[in-house]
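Worksheet: one structure, shown below.
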Amino acid sequence: MKIKRQLLVAAIAVAVCGCGSKKSANPLFDEFTAPFGIAPFAEITIENYREGMLKGMEEQRAEVAAIVANAEAPTFENTILALENSGKLLSKVNGVFGPLSGSNSTDETRALQKEMSPLFSAHSDDIYLNAELFARVKTVYDAQKELNLNKEQAKLLDNFYKRFVRSGALLNDEQKAKLRGLNKEISMLQLAFSQNLLHETNNTFVTVESVEELAGLPDANIQAAAKMAEKNGQAGKWMFNMQRPSCNPVLQYCSNRALREKVYWAYYNRGNQGNEYDNKDIAAKLVKLRLEKAQLMGFKDFASMALENRMAKKSENVYKLLDQVWKRAVVKANEELKDIRAEIRKEGQSFEPAAWDYRYYLDKAKRAKFAVDEQEISAYFEVNHVMQGIFHVANKLYGLTFKEITSQVPVYDPEAKVYEVIDRDGSTLAVFFSDNFPREGKRAGAWCTRFRSSRYENGSRIIPLVLNVCNMTASNGDQPALQSLDNVETMFHEFGHALHSFMCNVHYGNVAGTERDFVELPSQINEHWAFAPEVLKVYAKHYQTGEVIPMELVKKIEESAKYGQGFATVEHLAAALVDMDLHVLTEVPENLNVMEFETEKLTARGIPQQILPRYRVTNFSHSMGGGYTAGYYSYMWAEVLDADAFDAFVETGDIFNQEVADKFRKYVLAAGGVDDGMTMYVNFRGREPKTDALLRNRGL
């Protein structure tokens, strides 16, 4: 009977994965035949995705059933490795659908997400709350000292065991039933939050009737606003949505104070407008349900559960870091406010600056202090030139080269570019998709994801298909896509994540991930090369003349780099602190108003009234959408690591020092999650990190 079942599972796998020669009606069931195994995006319908997800779950259920039914004693191979290898079709389908649901969202994809979310939640619970399956995993885990496992195998076993425990495997049947309900409701609420935010970001507009109201706004932004208005049936007017490339220039450059105020509140009140897309109640419910789940699992609060398997370990350690930086940042922000008041007085005004004045007058103060004009500087940062700079750094550090693939491979959107990533030994390391500009259906922000992760099959490495999705400033009229300093830094940041995915070199997918508060190290360290003079001279070229950025401009960038860090640090930390404050609650008030909670907590900490959190609770997808829940502090935590790690290069006198770069690749980028984050860092640096470099870099 056991043999028959195993043969049946094998037959299903052959049919579903397209291992035979017959082509299926569903492209997801066939082997992808395009170069590098890229999916035939245009051929896959929404019904194909639905069918693939359902079939993928069915297949994995059969594979799990076969593991449980195996009459042989549990071993690493027949239990742990079998689990690792289960669900390949489901991973394949979600690997294609997941990235596209964020970059090319449609009514159909959003409807499918809503339909499948509870099914995925139940499917995961069916695996990790399966008592018979956990018994086999535990048997192997308890016997691991006798199994002669290598380091990676031992980590895979440890990860699976802990995942079962963290998923509720030790609970009784009544508790498991309650946990299933909580998981389902949390997943649905997180999805609803994210979909509401997507709508609010792309469909909240501020409309302007007269071009005179746009005084100070660069011509390229005025033209882009006119195009947006025309596209939305408002020809002859100007419109701004809540994507940062659209609304941020208004806040930074527009002299029309009333317009700045209108745009400011439209942006910061996303999800807080009392309409059908309002996220206040959803956020409050999530806080309550997450606490219930944590306490069901034996933790005092959700943060304790979330931090258990991160570098920080305890909320006290998070607050210790955040509070240390917060106090200095508030002092710096108040110093900046003095400069802002001085700029207001220069105009013959006497009003107290409000939140919508901060960026505008801070930019004026920066120009006055350092003679820095960001519009002038952006002329040297055309988006393709920036990509050349990013590739140059990867080549100098790691020997990578990038060959653009202009034909023969499918692309999911005409704007996405595709590159073959070639390692220093001539082998193909990865395939890289670069998708830089806003469009309808793309969520806000910038992120790195994968259509396929790196792993080994039959002794051979499967190359990853890695995707950077950004919302950079697009070209407009005769002006190409010129980027602000912030945008350039973001592009280098996301490419750091891509490098991590390119170079990950572990055999098992379930060993590839690192702790949440370590994962930003590769991205944030890559930012340090963006404005290094020896890098700027390679890629920062004027879009009209081709002139390399003059050294006096480079000096101005260096001198002014720390200016504005009070504002930037406070708005970032404010979001991180509120995220923690919500998730260290041990009791949730019956009628929790998350916006009042946010205001109360930050006021008590002395936040300047002109600064709001970078993300307010109702548009805080990192926290409320999942992923960085009780984890937004990770960026600051990782900044301690990245600042200290970059000093390892600086101390040698060569920011491209090959010995240091090779160690960083070996111990950080290639190691996946075989070691914990602190061990990986110490392996690279030779000691634990210090906070000195972070405070110095932020001018604090």
Side-chain angles (χ1 to χ4, degrees), residues 101-102 110 113-114 116-122 124-125 166-168 178-201 268-308 310 315 318 443-445 516 574-602 613-634:
S101 68
R110 291 190 289 274
Q113 285 178 297
K114 284 184 179 179
M116 300 308 297
S117 178
L119 300 184
F120 285 143
S121 176
S124 178
D125 286 340
R166 286 178 59 81
S167 298
K178 184 176 181 182
L179 181 62
R180 282 177 178 271
L182 289 169
N183 286 342
K184 179 180 177 181
E185 194 169 358
I186 289 170
S187 69
M188 288 296 289
L189 287 170
Q190 289 180 167
L191 177 60
F193 183 97
S194 299
Q195 292 192 351
N196 285 347
L197 179 56
L198 175 67
H199 184 277
E200 290 275 276
T201 299
Y268 281 101
N269 275 335
R270 289 172 300 154
N272 182 34
Q273 302 190 74
N275 57 17
E276 61 182 302
Y277 302 102
D278 196 281
N279 274 333
K280 287 192 291 294
D281 288 345
I282 291 175
K285 286 177 186 173
L286 280 168
V287 173
K288 180 176 181 295
L289 293 173
R290 287 168 178 167
L291 176 59
E292 280 188 48
K293 177 176 176 176
Q295 292 181 338
L296 180 66
M297 295 292 296
F299 296 90
K300 66 176 181 178
D301 55 45
F302 184 84
S304 299
M305 184 173 77
L307 294 171
E308 183 192 36
R310 295 183 189 161
S315 56
V318 174
R443 65 180 171 88
R516 173 59 71 189
L577 285 163
V578 171
D579 172 42
M580 287 300 297
D581 291 343
L582 284 166
H583 293 105
V584 296
L585 290 174
T586 55
E587 291 182 17
V588 178
E590 189 61 37
N591 296 311
L592 173 66
N593 183 311
V594 292
M595 305 310 288
E596 291 177 1
F597 180 92
E598 172 187 286
T599 300
E600 178 187 325
K601 289 292 183 180
L602 294 177
R614 183 175 178 85
Y615 304 105
R616 304 191 78 192
V617 177
T618 58
N619 48 64
F620 200 174
S621 61
H622 293 77
S623 177
M624 294 302 155
Y628 281 79
T629 306
Y632 194 64
Y633 77 89
S634 298

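Both backbone and side-chain heavy atoms feed into the values below; hydrogens, waters and symmetry mates do not.
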N/O donor-acceptor pair under 3.5 Å between [X] side chain and [Y] backbone:
X      : Y      : result
Gln113 : Ser101 : no
Thr629 : Ser623 : yes
Thr586 : Asp301 : no
Asn619 : Arg270 : yes

Closest non-hydrogen atom pair, [X] against [Y]:
X      : Y      : value
Pro613 : Ala575 : CB-N, 3.8 Å
Met580 : Ser315 : CE-CB, 3.7 Å
Leu592 : Ala284 : O-CB, 3.6 Å
Ala630 : Leu307 : O-CD2, 4.0 Å
Leu585 : Leu291 : O-CD1, 3.3 Å

Of all pairs that satisfy salt bridge (Lys or Arg N to Asp or Glu O under 4.0 Å), the ones with a partner from [range], not counting sequence neighbours:
range            : value
residues 578-587 : Asp581-Arg605
residues 614-627 : Glu571-Arg614, Glu598-Arg616
residues 282-291 : Lys288-Glu292

Is the shortest side-chain heavy-atom distance between [X] and [Y] below 4.5 Å?
X      : Y      : answer
Asn272 : Met595 : yes
Tyr615 : Ser621 : no
Lys293 : Leu289 : no
Leu582 : Met624 : yes
Met305 : Leu296 : no

Supply the atom-to-atom distance [X] [atom1] to [Y] [atom2], rounded to the nearest 0.5 angstrom.
X      : Y      : atom1 : atom2 : result
Thr618 : Asn269 : OG1   : CG    : 6.5 Å
Lys184 : Leu179 : NZ    : CG    : 13.5 Å
Asn183 : Ser167 : CG    : OG    : 8.0 Å
Ser187 : Leu182 : OG    : CG    : 11.0 Å
Asp281 : Leu286 : CG    : CG    : 11.0 Å
Ser634 : His622 : OG    : NE2   : 10.0 Å

Using ring-ring contact (aromatic ring centres under 6.0 Å, His included) as the criterion, list what pairs up with [X], not counting sequence neighbours.
X      : result
Tyr268 : Tyr264
Tyr633 : none
Phe193 : none
Tyr277 : His199

Under the salt bridge (Lys or Arg N to Asp or Glu O under 4.0 Å) rule, collect the residues that match up with [X], sequence neighbours excluded.
X      : result
Lys601 : none
Glu308 : Arg166
Asp125 : none
Arg443 : none

Using the rule given for side-chain contact (heavy atoms from CB on, under 4.5 Å), can you reason through Glu200 versus Asn279, listing the C-alpha separation, both sets of side-chain angles and the distance that settles it, and then say yes or no?
CA-CA 10 Å; Glu200 290 275 276; Asn279 274 333; over 6 Å; no

Going by the rule side chain to side chain contact (heavy atoms under 4.5 Å, CB included), which residues pair with Met188 if we only count those two or more places apart in sequence or in a different chain?
Ser117, Pro118

Do you know which of Phe299, Phe302, Phe597 makes ring pair (Phe, Tyr, Trp, His ring centres under 6.0 Å) with His583?
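Answer after filtering Phe299, Phe302, Phe597: Phe302.
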
